[in-house]
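Working notes for the structure below.
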Amino acid sequence: MARVDAGALNDIFDNTPGRVEQPVVQCVQIKKIASQESAGPERYRVVFSDTKNYVQTMLATAANHHIHSGALKRGGLLQLLGYQANNVRHKKILIVTDLKCLDEYGELKKLGDPKPLEVNPEEDSESHPTTITSNAFYGNNSSQHQQPMASHAKTPTSSDHANIYPIEGLSPYSHKWTIKARCTNKSDIRTWHNRNGEGKLFSVNLLDESGEIRATGFNDQCDQLYDLFQEGSVYYITSPCKVQIAKKQFSNINNDYELTFERETRVEKAEDQQDVPQVKFHFTRISELASVEKDNTIDVIGILRDVGETSQIISKTTSKPYDKRELTLVDQTGFSVRLTVWGKTASSFDVPPESVVAFKGVKVSDFGGRSLSLLSSGSMTANPDIQEAYKLKGWYSNGGQSENFSTHANVTSTVIGGTRSDPFKTIIEVKDEQLGMSENADWFSVKASIQHIKQASFCYPSCLTEGCNKKVVEIDPGQWRCERCDKNHPKPEYRYILSVNVSDHTGQLWLSCFDDTGRQLIGMTADQLMEIKETNVKKLADILSDANCRTWNFKCKAKMDVFQEEQRQVLSLVAAKSSYTDEIHRVRYQVQAASALNLVAESEKLIALIKQYNID
Ligand SMILES: [Zn+2]
């Protein structure tokens, strides 16, 4: 006969020294808790008795399988292996994370005459005056600070995961939490160098039933955790871990918060990988891409028809080199599409042609009709274990293979609203239509005259290496250092970065111009102008004022920029500070190209315009 550990439950709540750590108790009641939200996880309330006392327990979802399998029965004996004791609303509640059913003893009648475990009134008012609902313990109300009294775990490393919060429940006010989440995406390690030092980081996207969140590890945490995370695997992540307002410009995850790993953050791979959802796809068929507007994010699945070679390009925005690779996908709709992958996904791509590949988070562009680009926050799964993949395989091997595929190259002209046009706007229209103020860039052309060119910082010293336009710093006389190339140059090449105020009959606008446009507007290279600046400041002012009052057609891109605190002092423009972060946002109008006016063409346009007024 099993020995039931009489008095053990009381000892747990009193944390009596020398108590039985893994007591044997009897199950006297099992009740399913009606979930308030149908989407919520299945929960059970179970009453355990040690023959002297009985106590209500909440079963962690990880232990639900004991009920599903029928092993945990009313009347049965079991051993508590992992649990945590809590006082909730004047009740003692045990959260049970792990137990072992002792089915060999069968179902017994209720043993002894157990009494409920009473909460000592003093103890209750002292330490737990709050009204924590039972739901709060499961994370729905995470603002309550929970004070566990005593806990026991099977092994120190896989210690209690009783306080499993849904990702949705995390906030900067959450203390002591654990999430159980699937890593749906892991970034490459990124490094940075600036005048404050250098560092590295990586981030992961985490998913559970309630939602998604992004987590980032810097420096030491990058070293410690990068190899631990694998895309597709499930992890327990336990605080301390910083929860802060999300920087949404770096992520397309729909969560107001994001996590930053700290030194003490615990990350463990879960033994049970099953009860956390897989990546969810909402596929768009390849033929349907023609009706998707550019810059939308979609999911796509197809047979990998062709894998291109990797090539390296220099990012125009960050001036950093990265790898790209072009893939061709086909599906049952008889269409093919090109999809570009970047960075490590490109360089270490090893999925053989004719495999099924599913992509989550690809951006639609109208380049070459319709093409796709995997976002850094997106993910790729080869041969996913989903029905769609089997359908595609079946189709492909039963004739799909030998079909001829249409591309989207010939549909450009039929797509409405999807092609890039750079409509002519007046300055007031640019402002009234709030171009560039949404997430995506806007493109426009404007005919305007230069009023003023800012003399301060009209150029910057750049690296001499071909293709590298990065700013260099003079570390010693005649030693100009490029961090990216890891190289010193005897002199820099100056490149324009002009701020130009332009106007038309409706208003004024500040435009930024890079080197090519700068040369056009000034009529000489930045190197030449810099030399003049150093020898004859008066002449510099004359040259800049000569460039004034000239009219150009500017092709522009309007986009929201986000500046961190440290960069704020360099801003000279009116900027709006967002209410909850130390970032400021403003729209930058970047000139892509400037062309001199063709007076004949301009006159014809004007004549056509005047005719519309029906003036004889
Ligand atoms: Zn360089």
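In listed order, ligands and their atoms are each counted from 1. What you see is a predicted model, and the numbers here were worked out from it, not measured in a lab.
- Exactly one residue among I522, V591, I497, I453 makes a side chain to side chain contact (heavy atoms under 4.5 Å, CB included) with C513. That residue is V591.
- K324 contributes atom NZ, which lies 5.5 Å from atom OG of S311 (distance to the nearest 0.5 angstrom).
- Distances from the Zn ion (ligand 1) under 2.8 Å pick out these protein N/O/S atoms: C463 SG, C468 SG, C482 SG, C485 SG.
- Q230 and K269 share a side-chain donor-acceptor pair at under 3.5 Å.
- A salt bridge is absent between D527 and R495: the closest approach of a Lys/Arg side-chain nitrogen to an acidic carboxylate oxygen does not fall below 4.0 angstrom.
- Heavy atoms of other residues, nucleotides or ligands lying less than 6.0 angstrom from CD of Q244 number more than 12.
- Ion pairing between D223 and K200 holds under the 4.0 Å rule for side-chain N and carboxylate O.
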